[in-house]
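Chain A is the first sequence line, chain B the second, and so forth, proteins listed ahead of strands; every chain is numbered from 1.
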Amino acid sequence: MTTTNGDTAAKTAILRMEGIRKEFPGVVALDGVDLDVRRGEVHVLLGENGAGKSTLMKILSGAYTKDAGRVWIDGMETDISGPRMARELGVGIIYQELTLIPELSAAENVYLGREPRRLRTVVDRSRMIADTRRILNDLGADVPPAAPTRTLSLAQRQLVEIAKALSLEPRILVMDEPTSALTTRETQSLFAAIRRLTARGVAIIYISHRLDEIFEIGDRVTVLRDGRHVSTHTVRSADRRELVRLMANRELDEGISGGTTVRGSELLRVENLTRQGALENVSFSVHAGEIVGIAGLLGAGRTELARVIFGADNADGGRIFVRGKLQNIKSPRDAVRLGIGFLTEDRKAQGLVLGRSVRDNIALPVLRRLSRLGVVRRSEEVALAESYVRDLRIRTPSTSQLALHLSGGNQQKVVLAKWLGCKADILFLDEPTRGIDVGAKQEIYALINKLAASGVGIVMISSELPEVVGLSDRVLVMRGGKIVGEFNRAEATQERLLACAVGA
Amino acid sequence: MGTLGGLVILCTGLWIATPHFVTASNLVNVVQQSTIIGVIAVGMTFVILTGGIDLSVGSIVALAGITFGTLVQANVPLPLAAAGALIAGTLCGAVNGALVTIGRLPPFIATLGMMSVARGIALMLSDGRPISGFPAGFRSLATGTVAGIPAPVIIMLALYGAAHFVLTRVRLGRYTYAIGGNEEATALSGVNVRAYKTIVYCISGFVSALTSLLLVARLNSAQPIAGISYELDAIAAVVIGGTSLLGGSGSVVGTLIGALIMSVLRNGLNLLGVSSYVQQVAIGTVIVVAVLVDMALRQRASLPTG
Ligand SMILES: Nc1ncnc2c1ncn2[C@@H]1O[C@H](COP(=O)(O)OP(=O)(O)OP(=O)(O)O)[C@@H](O)[C@H]1O
Ligand SMILES: [Mg+2]
């Protein structure tokens, strides 16, 4: 047995899952998967989008019931019948898709259903808020504990989810892509929290498509592919290329490179854009064929910038020129008519109509183009959806599958398809590869480069610095609602961008 | 489809229970009686699919009917009077839509207000008295038949056919579902959500006015107190038909079956000599059971996701 810190006594098995099987209509999500997790380790689950990682974890957390297989916790065989039982067994989970109630505050969400009470009756609000603030501070999270969570950014909501899971003090904690919306700074605080937990013997099951993280925090890694267990390794002895090959079942090149850029005419120019408390005198321009990256930390105003230009939020001042003409963009509809597209970061709340099919979602922004006299031309719609399902390798039994039933990464691909297909001239991409696996990222980078080469001007907001550095012709760095730096391709390195973003 | 199964079971039960249910004239009667609620429920389905509700349909039936009666009494030609009624109904819908989209009122409140206002105007216009005596030509809208099928039934079926086409194939229909499924994502896709929501309330007002014409033709009288509690029957038909009150999922085919179930149930209970008090209990129970069964079937088909 290989251990990472020699403390063998503490590293006994806490969880064993054997022969787990789960079928959905038309899909075998898990086919005889084994997993064993030890006390105090960080066990990474690795696999492509749709490999079955989340499904396996939902079985452990009682959200799904398994079709076959056995589960032991602390050596005792258990039949987890529901979320409540899982919690009693000490299993905590941070779901991939956030589950907070938007109208409740962070504190109320964290303590939902188990609020601290005074004299067993009145909810002790001040204690609830104080406790939540303490947990959030431990995470280095800048989140107001009493504000309704609908007012928080995606990253802040993710941090509240993490705080909620931590406050339950689980013995086994599942984290399903906890960092997909976080920047480097919050990720590091999360890792510090993970280390404190594992030192106390808590077992962490960690899912992420960011391979760097796996090497930084992981002890062992289990690779899943097509719902099957492929192999389990200690992270130290694992080779990165080999892991990628095991999960994708083919050789993959992880390098990111931008295409050759022919910079065309100016498509978008923003002058002194200001929005109270969010943006201050932001000015920049985007040319045809150019990829402009926007880097920055949580709360730097990157998403806000895109929302204001797109007409989703109002500006308090400033001017926007599209193709040289001053425009007053009052709503997303105005923006779309001007040829502007905006892929939002929060796919569940703002990107997808989850209860509709993959096809309907992809066609939504372009229905006007796909219809004659108001009647949608089905063959063209099907052709559009199928071409993207093929190009982005969206894993779905058919284009009429509900978006709800796709894995997180595949949902993200649907949102991407929606905006790639809309033929916008100016495309804002907010965290376009959030939750997307290593292989598919390459295909998406290629598509983004191809779009740029065809003359589209792209603004890419991303918390993954390698992606920003690799793809962008130019990188703007934001801090506190302002643009604080601009780097061309030769100047932009991860270190420089980060230093500029934190204000060092 | 669970609802269709419910209708079949209900009809089979009545067939066994009473010899008077399955006769040509009774079956035609049942379908004919479903037309009033059936037509209103088409508009209600659109509204509920967007996640809204329209409580004003019954009052719009009264107002449009009185508008029609007043115009006919003033010797306005029939087609123009009918157009006037349809315009009045559509305008009420437009006001509802504006209150919901521009005024940002919850649909429940906006249409609750319209429910009272439209009824009040109908009473004012008519001085609280019914307007009676319409030309025979107009009344054939209710009494006429084509190939043995009553005209209202043909009108209703044509309306359902058109609504089904719109919901499945036309952009308006797609947006209706998308708005109900996720309004924010739909708006961020560049869809003019306000305009489409307003259109949906206009449709509801329009079909309510159409209902008023059918009703006036049937009763040979326009009444300011017509249509009371129609909104509840229409909502019941939509919900029994499997459309979610949260919006985003459902169909008019379901609604048609829902309207038929309500009509068959009333008819059957009458045939069995059940008192009208007990009928209310039975109908209420059926609504609740139908929705419970529908939810259970859905639960099995799609599991929750995290
Ligand atoms: N509720 C559901 N109904 C139908 N199919 C489902 C459902 N949930 C998951 N699936 C399917 O099961 C497979 C595994 O999904 P899962 O969410 O476990 O993938 P994953 O490994 O977590 O992927 P990702 O990296 O994209 O999050 C996918 O093909 C998915 O489409
Ligand atoms: Mg997943």
Result block: side-chain N/O donor-acceptor pairs under 3.5 angstrom for residues 156-169 of chain B, not counting sequence neighbours:
residue, atom, partner, partner atom, Å
B/Y160, OH, B/G38, O, 2.7
B/T168, OG1, B/H164, O, 2.7

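Here A/R356 pairs with A/D360 under the salt bridge (charged side-chain N to carboxylate O under 4.0 Å, His left out) rule; sequence neighbours left out. The side-chain contact (heavy atoms from CB on, under 4.5 Å) check on A/S371 picks up A/V376, B/R171, with sequence neighbours excluded.
Contacts between A/V336 and chain B at a heavy-atom distance below 4.5 Å involve the side chain alone, from C-beta outward. Neither the backbone nor the side chain of A/R337 comes within less than 4.5 Å of any heavy atom in chain B. Contacts between A/S331 and chain B at a heavy-atom distance below 4.5 Å are absent for every atom of the residue.
Contacts with chain B were tallied for A/P365, A/A349, A/G355; A/A349 has the most, counting heavy-atom pairs under 4.5 Å. The candidate with the highest count of non-hydrogen atom pairs below 4.5 Å against chain B, out of A/L367, A/D176, A/V375, A/T55, is A/L367.
Identified by a heavy-atom distance below 4.5 Å to chain A, the contributing residues of residues 182-192 of chain B are B/N182, B/E184, B/A185, B/T186, B/A187, B/L188, B/S189, B/G190, B/V191, B/N192, in residue-number order.
Side-chain contact between A/R333 and B/R194 is absent, with no heavy-atom pair separated by less than 4.5 Å.
The 12-atom threshold is not exceeded at CZ of A/R84, counting heavy atoms of other residues, nucleotides or ligands nearer than 6.0 Å.
Residues B/A178 and A/L364 come closest through the heavy atom pair CB-CD1, 3.9 Å.
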